[in-house]
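In the text below, chain A, chain B and the rest are named by the order of the sequence lines, each starting its count at 1. Worth saying up front: this structure is predicted, and the values here are computed from it rather than measured.
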2 protein chains.
Amino acid sequence: MKTADPELMRAINRFHVLDTIRRFGAISRVEIGERTVLSATTVSAITASLLDDGLISTRHEGDLRGGGARGRPRVMLTLNPEAARVVGAKIASNRLVFCVTNFQGDVLASLTLPVRVDRLPVEVIADLVEDGVRRCVMDAGLALNEIKTVALSLPGIIEHGTGRVRSSAIFRDPNVSLKEAIVKRLDIDTIVESDANAITMAEHWFGRGRDCDDFVLVAIEESLGLGVLHGGQLFRGARELSLTLGDMIMGSDPEHAIKLSELASERAILDGDHGDSRVRDAIRLGQGMGRVRGLIEEGDNELRIAAARAGSALGIAIANLVALFAPPRVILVGSTLALGDYLLDSLRVAFAKAIPDPLKNVAQIVIDEVSDELWARGAAAVALGELYGSPWGTTGPARRSTAIEFSEK
Amino acid sequence: MKTADPELMRAINRFHVLDTIRRFGAISRVEIGERTVLSATTVSAITASLLDDGLISTRHEGDLRGGGARGRPRVMLTLNPEAARVVGAKIASNRLVFCVTNFQGDVLASLTLPVRVDRLPVEVIADLVEDGVRRCVMDAGLALNEIKTVALSLPGIIEHGTGRVRSSAIFRDPNVSLKEAIVKRLDIDTIVESDANAITMAEHWFGRGRDCDDFVLVAIEESLGLGVLHGGQLFRGARELSLTLGDMIMGSDPEHAIKLSELASERAILDGDHGDSRVRDAIRLGQGMGRVRGLIEEGDNELRIAAARAGSALGIAIANLVALFAPPRVILVGSTLALGDYLLDSLRVAFAKAIPDPLKNVAQIVIDEVSDELWARGAAAVALGELYGSPWGTTGPARRSTAIEFSEK
DNA sequence: GCACTTAATTCGCGTCGCGTTGTAATTGCG
DNA sequence: CGCAATTACAACGCGACGCGAATTAAGTGC
């Protein structure tokens with residue numbers, strides 16, 4: 001455990017203040033004090049230091065206290081957008097999405113490269129990422145050395161600390177250090193994160209999880225991702241591993257075990273319909289599910305059934321998550337949601353049927369259709385979160401290793 | 001978030017020191033300093049305060065530095081066993097287990113009441129618990145007013161803060177406040193906790209999780225319990241709800257959905273063999289699984305298959321937990337383990353088959369056959385942990401409520 | 001008996017958060 | 001226009017904390 005000293009105390013409160021300014025935008029010192037339950041004195045001291053460091057700036061307008069604004073007007077504080085810039089990226093099998101954001105997470109430039117990186121060698125992917133980053137940074141009118149951090153997100157199992165990709169649908173080889181490959185090319189601090197964790201941060205900072213420090217997020221795309229926010233922090237497993245949902249086995253019999261990803265991933269839904277070249281092309285373009293929806297509406301019964309089956313499996317999986325994590329909220333995101341009610345109807349039914357009675361009112365299910373850019377922005381948020389100096393140190397080297405063994409008493 | 005002030009800082013370090021003394025027994029101030037990474041000064045100050053409060057005591061022996069012990073001898077510090085006493089209890093369907101422990105968790109007296117409380121009204125159960133507590137306290141040579149806290153553990157979904165039992169195989173009625181019922185009778189601080197959380201704490205304090213601040217525990221008894229330790233703290237869900245494993249749905253099709261508890265609970269294994277009165281009696285006595293093992297060895301093929309099926313389902317469920325939580329360790333406990341390899345063989349096979357390759361070496365699986373008393377002791381440990389003044393406040397009122405709803409963008 | 005070694009305490013310093021006091025910047029009203 | 005009222009913020013002093021250095025305590029070895 002981290003030992004508590006005055007330095008940590010200050011780090012915590014400083015982060016708390018900075019985070020409050022981020023969340024509530026232009027905000028006065030008094031209000032920060034109210035929200036953080038810190039004294040005006042302390043807030044003044046911390047904000048002075050933040051101003052000194054150039055992380056925030058003052059604005060002498062926007063004081064919107066109701067009615068007669070008597071007394072000395074409040075000085076509003078905002079993040080200094082120019083305090084830092086980061087690049088966030090989403091690496092998916094058929095596209096790369098980049099965005100450059102400023103210190104408060106505003107997108108300065110974004111770029112989508114519709115390239116199929118699926119199963120390419122790591123070095124090639126890294127080259128593509130390098131190009132994308134360079135170009136997106138240029139689009140934002142910046143130079144590479146003005147970028148503090150690059151955060152990459154991709155599906156799979158990622159070791160956050162080391163930036164190692166344990167496995168990913170995108171990479172042929174397991175256990176590649178994407179972080180190293182990028183640092184070698186760009187010489188910028190690089191974070192590698194699971195895409196589910198990235199979109200989890202995005203929902204927490206910009207989306208449907210803004211008001212909530214504890215929720216579970218299910219990302220339904222080509223892969224099925226899981227992000228867990230606990231106490232405002234991403235939940236990480238051993239060695240800071242990211243979590244996965246697609247590997248959840250649906251079935252009790254090992255002989256007939258079937259993974260959720262084989263039921264509810266986009267490929268699973270499309271299986272059997274590969275022949276249709278319109279769908280194939282649409283998938284290449286990342287529009288697969290919208291296209292599938294169209295086909296269902298035109299009467300493709302096979303796809304309709306596949307979508308419903310995926311929804312059922314997801315509904316059950318989500319009920320399982322509620323039983324296992326008891327989260328106050330579950331947020332659903334991902335391109336597969338484009339199927340709309342063809343997916344969601346059966347999802348709702350299956351969830352309602354699967355959720356045990358006493359857990360019925362525990363979790364609020366929220367469905368959020370988000371843009372690709374938000375995923376990249378989420379990766380940027382991960383990077384910014386660390387720049388803000390989160391005092392709990394989510395970063396760091398992997399911890400002691402453990403080997404599997406069946407040891408008995 | 002909790003705001004950081006000097007008081008919190010001191011609370012954290014004080015807890016850290018106290019916890020170190022608990023974990024390592026007789027320990028000198030120097031060593032505490034090394035382990036906590038606190039300065040000798042700070043350790044001295046904190047230990048002085050702990051001595052002053054009577055929580056620890058000194059011992060001028062046991063300095064076992066290797067070889068020539070030169071210099072001023074170390075004064076060893078230990079918990080003061082008499083600083084507090086608590087009662088821990090395990091409430092199971094066919095027995096009540098109580099233990100009185102001192103401040104360091106040593107069992108002063110224990111008591112097993114082989115009564116079937118299954119489906120009895122709450123008030124009756126509370127009466128039985130009252131009797132058990134009173135008698136066990138008397139057995140320990142203590143008076144009731146010397147007991148600081150009573151901690152009850154039982155299977156089901158428990159709201160830790162309020163002491164409300166949302167649902168339990170034991171209670172007929174849902175949503176009963178067991179805490180209130182007990183406080184009314186004993187007028188002692190009462191904690192109600194899921195039995196899985198209790199045994200999780202027991203493993204962390206006394207068992208196979210001593211060296212580990214992060215692990216997942218699966219309790220396989222009549223009910224299937226789940227405990228998650230994260231950063232040395234019990235993971236709690238919304239409203240401080242306990243987690244459940246038995247409600248995990250094994251299957252992708254809502255029509256054929258089957259809960260893990262219907263495959264791997266003791267009742268599920270015994271199903272179809274109810275006719276055998278020897279088994280029925282054995283179950284009454286809480287020896288069900290040992291008896292079942294005997295029957296299997298005598299050639300009961302039906303039971304052998306049921307056990308294997310349960311093992312398979314559990315192996316899959318555990319693989320799912322590893323994917324979802326990525327814990328460095330999974331500890332298996334519970335009376336069903338008495339089936340031995342009739343359960344574990346298929347469990348191992350199913351786990352190995354279900355666990356995705358990249359997660360193979362993440363979690364160490366540990367099987368621990370524990371006594372009933374340890375469960376009760378775990379409940380006591382939950383109580384003691386709060387007495388130690390864990391600064392993160394696991395106790396407290398339930399937080400804001402949330403209703404289920406499907407809201408979309 | 002004296003040097004040596006190590007443990008534990010004491011002392012002084014710097015930092016933190018907080019309450020109080022003082023100052024700055026505005027409105028309201030005569 | 002001027003002055004009181006009001007409100008935001010900064011400055012000062014207090015007490016608590018943790019830490020490093022110096023000091024005291026309590027042994028061993030010769």
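Remark: nothing in residues 19-35 of chain B comes within less than 4.0 Å of DNA chain D through any heavy atom.
Note on B:D213 versus B:R23: salt bridge recorded, some NZ/NE/NH1/NH2 to OD/OE distance being below 4.0 Å. A salt bridge is defined here as a Lys NZ or Arg NE, NH1 or NH2 lying under 4.0 Å from an Asp or Glu carboxylate O, and B:R14 with B:E7 fails to meet this definition.
Scored by the salt bridge (Lys or Arg N to Asp or Glu O under 4.0 Å) test, B:R29 finds no partners at all (sequence neighbours excluded). The salt bridge (Lys or Arg N to Asp or Glu O under 4.0 Å) test applied to B:R164 returns no partner, not counting sequence neighbours. In terms of the side chain to side chain contact (heavy atoms under 4.5 Å, CB included) criterion, residue partners of A:A140 (sequence neighbours excluded) are, by chain and number, A:V100, A:L108, A:A109, A:L142. Partners of B:F103 by ring pair (Phe, Tyr, Trp, His ring centres under 6.0 Å), not counting sequence neighbours, listed by chain and number: B:Y388. Residues satisfying the side chain to side chain contact (heavy atoms under 4.5 Å, CB included) test with B:E34, not counting sequence neighbours, are B:E31. In this structure A:A380 satisfies the side chain to side chain contact (heavy atoms under 4.5 Å, CB included) test together with A:V86, A:T101, sequence neighbours excluded. Under the salt bridge (Lys or Arg N to Asp or Glu O under 4.0 Å) criterion, B:D106 pairs with no residue at all, not counting sequence neighbours. Evaluation of the salt bridge (Lys or Arg N to Asp or Glu O under 4.0 Å) rule for B:R10 yields no partner, not counting sequence neighbours.
For the pair B:I191 and B:V150, the minimum side-chain heavy-atom distance is 4.5 Å or more.
With rounding to whole Å, B:M76 atom CE is found 16 Å from D:dA26 atom C1'. The CZ atom of A:R74 sits 15 Å away from the C1' atom of C:dT27 (whole-angstrom rounding). Between the P atom of C:dC16 and the CD1 atom of B:I12 lies a distance of 16 Å, rounded to the nearest Å. The separation between A:H16 atom NE2 and C:dG17 atom P is 13 Å, rounded to whole Å. Here the P atom of nucleotide C:dA8 and the CZ atom of B:R59 are 14 Å apart, to the nearest Å. In this structure, the CG atom of B:D5 is 14 Å from the C1' atom of C:dT15, given to the nearest Å. Atom CG of A:L8 is separated from atom P of C:dT15 by 17 Å (rounded to the nearest Å). Between the CG atom of A:L77 and the P atom of D:dA10 there is a distance of 9 Å, rounded to whole Å.
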* Asked: Given the rule in the salt bridge (Lys or Arg N to Asp or Glu O under 4.0 Å) test, do B:D211 and B:R329 qualify, once you have shown the distances and angles that lead to the verdict?
  -> CA-CA 11 Å; B:D211 57 331; B:R329 186 176 301 171; 2.8 Å; yes
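A side chain to side chain contact (heavy atoms under 4.5 Å, CB included) with B:L79 is found for exactly one of B:N102, B:L18, B:L55, namely B:L18.
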Please list, for nucleotides 19-21 of chain C, all pairs of protein and nucleotide N/O atoms separated by less than 3.5 Å.
unit_1	atom_1	unit_2	atom_2	d
C:dG19	N7	A:T41	OG1	3.3
C:dG19	O6	A:T41	OG1	3.0

Nucleotides 14-17 of chain D: which of its N/O atoms have a protein N/O under 3.5 Å away?
unit_1	atom_1	unit_2	atom_2	d
D:dC17	OP1	B:R10	NE	2.7
D:dC17	OP1	B:R10	NH1	3.3

Under-3.5 Å N/O pairs linking protein and nucleotides 1-5 of chain C:
unit_1	atom_1	unit_2	atom_2	d
C:dT5	O2	B:G71	N	3.4

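Nearest-nucleotide mapping onto DNA chain D: of B:A45 and A:L51, the residue sitting toward the 5' end is A:L51.
Checked against C:dA8, D:dC19, C:dA25, the side chain of B:S44 finds its nearest nucleotide in C:dA8.
Below 30°, between 30° and 60°, or above 60°: for A:F325 and B:F325 the angle between ring planes is below 30°, a parallel geometry.
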